[in-house]
Amino acid sequence: MTETGNTRSAADEAQEAPRSPLQRLMRYLPLIAPVLLWTVPCWVLLYAGQHWPFAVTLTSTTLFALGLVGMPFAMARGHGRRQQDRAAIVGDTLLGGIWVLFTWSVLLGVLLRPALAAAGVGDGQDRARIVTWAVLGVAGALLARGYAEARRVPRVRRLDVPLPRLGAGLDGTRVVLITDTHYGPLDRARWSARVCETVNTLEADLVCHTGDIADGTAARRRAQAAPLGTVRATRARVYVTGNHEYYSEAQGWVDLMDELGWEPLRNRHLLLERGGDTLVVAGVDDVTAEASGLAGHGAHLAGALHGADPDLPVLLLAHQPKFIDRAAAEGIDLQLSGHTHGGQIWPFHHLVRLDQPALAGLSHHGTRTLLYTSRGTGFWGPPFRVFAPSEITLLVLRSPQRSTAA
């Protein structure tokens, strides 16, 4: 593996685009969302014709009210200046739980009640109570399954990726992608070690981590990240920053990954040579880096490619899929990204798609650029994954020049 390039370039990329409508809306969500998330299920489950005993209605309403007040309070203490892990666990769990309850209160409240009426099932109170129990049953089952999905070691997703410019000597190159590990308030040091053990069974030539290592500083989450130092690759282990690093002293994470034996590709590239052919492996800082105020941090593709032979194929690491517009404009062959979590808790993926060009999997952009978006290896915040399984990805690069016997 040959190192070239530099961390800065005089030819900076264009500045980030103005805020999108979604980004502007996000400024007000902390005020609007909790009220909707807690009041809608409360109404659907308790006040839409069920006529529960007074004690049941009072107790349940009190619990919803406590959730409405307690969830934002716990999240503020957990993710704000205080960074209290126990508060974060409580707030995050309440957020995931109420999101699922809200979703299915709306869906079943809208769809199931008319269906029951059309089928002539019971009277109004019977139908209302059936909806309540159906919502609670579905939400409970999904949360139980979603918790198990979030906490398990991800399954390995394998796929061949054809790259027209890849030389025959590089055919069969094995690239393992992990991303969005989000080490955080729930101690996952054992989970981290098991993930790394799984990666080591894949006999990778190149292992990539495309950011969002953790929620918290490197000093605080070091024990959970330490197993990354055991990851093996025949050529290199490379890493780029995600947006969450810039909430938690990003340079500390860059330094720790370097200490653990990973190559932080901060707007630079390496050359992977195999069988007489060469692949440029480049990386850029996350697109939020420039706004972080950290000196020297920013997503500069020109700097990442500085000095690289333009005739060589390029594998680019960029945390967010939205960087694909710049990558396609430069004729990058393959971009690897994470960030989306595949939506993490359905149907949140609809909101993700408003901000990102891809949710998960392989997609084509421009004339020759491929984008692979991972659903992520860990989870952020709520310890649930609903209809968005985590993954460790094995990408086998394929050349059109390979022999038919390969």
Side-chain angles (χ1 to χ4, degrees), residues 4-23 161-167 170 175 177 179 206 208 210-212 238-243 246 264-272 278-292 296-340 352-374 395 397-400:
T4 65
N6 50 37
T7 58
R8 299 178 181 86
S9 172
D12 289 347
E13 299 295 321
Q15 293 185 349
E16 288 187 60
R19 288 180 178 272
S20 68
L22 175 63
Q23 290 171 323
V161 181
L163 298 179
R165 297 202 302 161
L166 193 71
L170 289 161
V175 179
L177 171 61
T179 185
L206 179 70
C208 308
T210 53
D212 279 8
V238 292
Y239 155 74
V240 293
T241 56
N243 56 304
Y246 291 99
L265 293 183
R266 295 202 46 249
N267 306 314
R268 63 187 181 93
H269 69 267
L270 304 172
L271 299 179
L272 192 156
T278 302
L279 174 69
V280 177
V281 181
V284 292
D285 292 338
D286 184 63
V287 294
T288 60
E290 292 178 9
S292 71
H297 285 255
H300 305 307
L301 184 54
L305 298 178
H306 180 72
D309 185 340
D311 292 329
L312 294 177
V314 179
L315 169 65
L316 174 69
L317 277 62
H319 177 65
Q320 298 195 42
K322 66 170 61 175
F323 198 80
I324 194 63
D325 290 341
R326 304 187 206 181
E330 290 295 326
I332 298 299
D333 297 84
L334 174 62
Q335 175 179 314
L336 303 183
S337 298
H339 185 68
T340 69
V352 175
R353 285 304 302 266
L354 294 176
D355 187 53
Q356 298 292 334
L359 184 72
L362 196 64
S363 54
H364 294 256
H365 302 265
T367 56
R368 73 174 180 218
T369 303
L370 294 175
L371 166 66
Y372 185 81
T373 306
S374 169
L395 305 164
L397 306 186
R398 291 301 183 187
S399 167

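- In this structure, Ser374 contributes its side chain and Gly338 its backbone to no donor-acceptor pair below 3.5 Å.
- Looking at heavy atoms from C-beta onward, Leu317 lies out of side-chain contact with Val284 at the 4.5 angstrom threshold.
- Under the 3.5 Å distance criterion, the side-chain polar atoms of Ser399 are matched with a main-chain donor or acceptor of Leu166.
- Atom CG in Leu336 sits 4.5 Å away from atom CG in Leu334 (nearest 0.5 Å).
- Heavy-atom minimum distance, Asp309 versus Asp311: OD1-N, 2.9 Å.
- The backbone N or O of Pro264 sits less than 3.5 Å from a side-chain atom of Arg268, completing a donor-acceptor pair.
- Evaluated for a side-chain contact (heavy atoms from CB on, under 4.5 Å) with Val280, the options Leu272, Leu315, Leu270, Leu271 yield exactly one hit, Leu271.
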*Hey, mind stepping through Leu395 and Tyr372 against side chain to side chain contact (heavy atoms under 4.5 Å, CB included) and telling me if it holds?*
CA-CA 9 Å; Leu395 305 164; Tyr372 185 81; 4.2 Å; yes
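- Considering only heavy atoms from C-beta on, Leu362 comes within 4.5 Å of Leu370 through its side chain.
- In this structure, Thr373 and Leu359 approach most closely via the heavy-atom pair CG2-O, 3.5 Å.
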*Stepwise, does the side chain to side chain contact (heavy atoms under 4.5 Å, CB included) test hold for Thr369 with Asp333?*
CA-CA 5 Å; Thr369 303; Asp333 297 84; over 6 Å; no
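- Between atom NE2 of residue His300 and atom CZ of residue Arg326 there is a gap of 9.0 Å, rounded to the nearest 0.5 Å.
- Between Leu170 and Leu397 there is no side-chain heavy-atom pair separated by less than 4.5 Å.
- Atoms OG1 and OH, from Thr179 and Tyr239 in turn, are 10.0 Å apart once rounded to the nearest 0.5 Å.
- Side-chain contact check for Arg266 versus Val240: every heavy-atom pair is 4.5 Å or farther apart.
- Checked against His319 for a side chain to side chain donor-acceptor pair (under 3.5 Å), the options Asp286, Asp212, Thr288, Thr241 give a single hit: Asp212.
- Between the side chain of Gln335 and the main chain of Leu371, no donor-acceptor pair closer than 3.5 Å is present.
- Side-chain contact between Phe323 and Val287: present, with at least one pair of heavy atoms (C-beta onward) separated by less than 4.5 Å.
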*Would you please test His339 and Ser337 for side-chain hydrogen bond (donor to acceptor under 3.5 Å, both in side chains) and show each step?*
CA-CA 7 Å; His339 185 68; Ser337 298; over 6 Å; no
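- Leu301 places a side-chain heavy atom less than 4.5 Å from the side chain of Leu316.
- To the nearest 0.5 Å, atom CG of residue Leu163 and atom CG of residue Leu279 are 8.0 Å apart.
- The minimum heavy-atom distance linking His297 with Ser292 is given by the pair CB-OG, 4.5 Å.
- Between Leu206 and Val281, the closest side-chain pair of non-hydrogen atoms falls below 4.5 Å.
- Formation of a donor-acceptor pair under 3.5 Å by the Asp285 side chain with backbone atoms of Gly298 is found in this model.
- Put simply, the side chain of His365 never gets that close to the backbone of Ala328: no donor and acceptor are under 3.5 Å apart.
- Thr210 is listed as a side-chain neighbour of Leu177, based on a closest heavy-atom distance under 4.5 Å.
- Nearest heavy-atom pair, Arg368 versus Glu330, reported as atom, atom and distance to 0.1 Å: NH2-O, 4.5 Å.
- Annotation for Val314 and Arg165: closest pair N-NH2, 4.2 Å, computed over non-hydrogen atoms.
- Closest heavy-atom contact between Pro321 and Thr340: CG-CG2, 3.8 Å.
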